[in-house]
Structures are given as C-alpha cells and as structure tokens.
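Worksheet for the structure shown next.
Below, chains carry the letters A, B, ... as their sequence lines are ordered, and counting in each starts from 1. The model shown is predicted, which means the values in this text are computed figures rather than measured ones. The basis for the numbers below is simple: all heavy atoms, side chains too, and nothing from hydrogens, waters or symmetry mates.
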Protein chains: 2
Amino acid sequence: MKLTSKGRYAVMALVDLARFDNINPVSLRDISLRQGISLDYLEQIFSKLKKNHIVKSIRGNQGGYVLSKNPNDIKLTNIFHAVDEKVKTVQCKKDSKKGCNGRATKCITHNLWDELENHINSFFEKKSLEDLIQNKKENRING
Amino acid sequence: MKLTSKGRYAVMALVDLARFDNINPVSLRDISLRQGISLDYLEQIFSKLKKNHIVKSIRGNQGGYVLSKNPNDIKLTNIFHAVDEKVKTVQCKKDSKKGCNGRATKCITHNLWDELENHINSFFEKKSLEDLIQNKKENRING
DNA sequence: TCTAAACTTGACCATTTTGGTCAGGTATGT
DNA sequence: ACATACCTGACCAAAATGGTCAAGTTTAGA
C-alpha cells in the first residue's frame, strides 16, 4: 500500500503554487525548479488538475497557472481524484467477474475494505490546501 | 494508492483459517479451493506468515496450518507487516538522497504524509482477526 | 517400509503500473 | 515576429505485481 508520486507531486506543486500565487500566474518552470519535479511530468499533472477545475491556465508570455478556487475549498480528495490517485482496496466493486462475487465464500473481508476506504477518504476530505499552507507558515515562524 | 492483493489474500486466508481451525490443522489446498487463491501463491504468503509467528505449520499427512496466537492478538498491522504490505507515503525517510531532503523547499508536505500514515496505521492496529470473524458470524445470523 | 499428502524453497516470468522523456505542436504578451 | 509558456500524445525503461514451475523434504498412516 503506497501513495504514488503523481499524487504526491500534485500536492507539492499546488502548495507551491498557492504560496506564490499572489498577483502573477506561476509558471510550471518555476515550480519545476523549486520542487525538483520534471517539467514534462508537471505538465501531465497540471493538465489533469485543469480538467478538474482545480487550476486555471493563462497562456502566452508571462503566463502560467493560478488556483481556480480558494485554497480552503480545495480538499486533498479533490486533488487525488484529479490525478487518478484513488484509494482502491478491493476489485469486486468495479469488476463483478473478479474478486469476491460469484464465489461461495464471497466477501468474507468485504466490510473491512469498505471501512478502510472510508477511514482514509475521511482524512482526505477534511484536509484542505489551506491547512497545508498554514502548516508551512507556522514552520517558518517557528524555525 | 491501493492495497496489493498479497495483503488482501493474507487477510482472507487467515480469516478462513481462523474459522476452520478448531481441532485439525487446515491445509493450504482447502483454503486455496475455498478462497480461489492459487496454491503456489498461498505458499509464498504463508511462508512469510510463519516467519512472523502468525501461523504454525504441521507437516506430513493431514498436516496444515494453525494460528499461533489467539485471533484477538493478531492485528491487521501484524498481518500486513508480515507480507511486506507497508503504508508508504514518502520516500525521504528511507532514502536521504531522494525526496525532500537536501532541497531548498524541503518537506513542504512532509507533515501531511506523516499524519496520513499514522491515520491509516491506527486503523490497522485496532482491527484484529477476531473482529473480522465476529463480523462474519453476524452476517451469517442476519443473512 | 512405502507412499501420498502436505509443507518448503527458490528460480522464473508475463503483464501492468510507474515515472517519466521526447517531439512536436498552439496561444499570446511585448 | 519571437520568446515564453501551455498543450498533446506517443513512447519507453525499470520496478512491482501476481503469479507459475520444478524440485525438493517431512511425516502419518497403510
């Protein structure tokens, strides 16, 4: 069970964006340099974030990306969903032919995986981008 | 973010084992048939479970496996740990050369992943095999 | 003692996912 | 017009996943 780097990068990039997104749009090149994420890979990620209305793009010279909502309204669950990072425990929900369905001993552990998914998702639903920025600011004051 | 089938199978197999482990040891062949998990794959999994003292093997004819502890003392975290199913969110803890270390913008989101890991692990630490068996019994009564 | 059942070990492998790169665009401010 | 920056899609190497296969060893019971 692990988080893929796509989801991790998406969150890192958005925190970066949120911090520098005051007046001017932020270019992916800047985020790439600051966060050490390849530009090409960032473009893939931001393409998905854009499709999911989390960021807006401004093309042309001095263009870049801006958040399309208040950081408080961007939950981690939105970000992960946008980049296809899903909490997936069992197959049987999606593919009725595989997994627990149609089997004599079906779903012995089905309830468990449901519970687990809910547990994780509730964490992602509570946490917003704003929370992460605040966290960072506190760190700067303290450190 | 997903659970691998190795962890899922381990839990399924152990629930099965716990339910049939009354007097006689349970053979992997029986578990394989009941749960639809390949015998060869089960052997790999049970080899790990044995090394981690979750099950004991009884060799020879009429042999098989038994739980080596009370189902109440076997937590999901033990099972997942045994089959190398770990909750892994960030790289930087293990490999100091990669990830957030040594970078100017280091660890923007580090606290977040820590929190997430704790959140998930706490779920696994609370849940025992006994809980799952009880759950199944209730289902049988109700259904 | 022989043999079948069952555990044990380790090599091997096909497929899928991951984590990108590369090559070409298109749009737009100056 | 040109530099900057977004946009799109093909491509790819490496690792993880989810197993199979082969060749044992151990032990109960006929």
_Check the orientation of B:Y41 and B:Y9. Use parallel for under 30°, tilted for 30 to 60°, and perpendicular for over 60°._
perpendicular
_Using 30° and 60° as the class boundaries, would you call the ring planes of A:Y65 and A:F46 parallel, tilted or perpendicular?_
tilted
*How far apart are the closest heavy atoms of B:K48 and B:A82, and which atoms are they?*
CB-O, 3.5 Å
Starting from [atom2] on [N], measure out to [atom1] on [X] and report it in whole angstrom.
| X | N | atom1 | atom2 | answer |
| --- | --- | --- | --- | --- |
| B:N24 | D:dG29 | CG | P | 10 Å |
| A:Q44 | C:dT21 | CD | P | 10 Å |
| B:L39 | D:dA23 | CG | C1' | 15 Å |
| A:Y41 | D:dA13 | OH | P | 17 Å |
| B:I58 | D:dT25 | CD1 | C1' | 17 Å |
| B:R8 | D:dT17 | CZ | P | 13 Å |
| A:Q62 | D:dC6 | CD | P | 11 Å |
| A:E43 | C:dG19 | CD | C1' | 15 Å |

_Between A:T4 and A:G60, which residue's closest nucleotide on DNA chain C lies nearer the 5′ terminus?_
A:T4
*Toward the 5' end of DNA chain C, which comes first, B:D40 or B:R29, by nearest nucleotide?*
B:R29
Does a side-chain N or O from [X] land closer than 4.0 Å to OP1 or OP2 of [N], or not?
| X | N | result |
| --- | --- | --- |
| B:K6 | D:dA16 | no |
| B:S38 | D:dG18 | no |
| B:S57 | C:dA6 | no |
| A:S5 | C:dG19 | yes |
| B:Y9 | D:dG19 | yes |

*Under 3.5 Å, side chain of A:S32 to main-chain N/O of A:I37, donor-acceptor pair present?*
yes
*Out of B:I54, B:D30, B:L67, B:V66, which one pairs with B:L17 under the side chain to side chain contact (heavy atoms under 4.5 Å, CB included) rule?*
B:L67
*Measure distances between side-chain N and O atoms of B:R59 and base N and O atoms of C:dT8, and say whether any donor-acceptor pair falls under 3.5 Å.*
no
*Under 4.0 Å between any heavy atoms, over every strand shown, what does B:F46 touch: base, sugar-phosphate, or nothing? Just pick one.*
nothing
*Taking only the side-chain heavy atoms of A:K50 (C-beta and beyond), determine which of C:dT8, D:dC7, D:dA28 contains the nearest atom.*
D:dC7
*To the side chain of B:N61, which of C:dA5, C:dT9, C:dC7 is closest?*
C:dA5
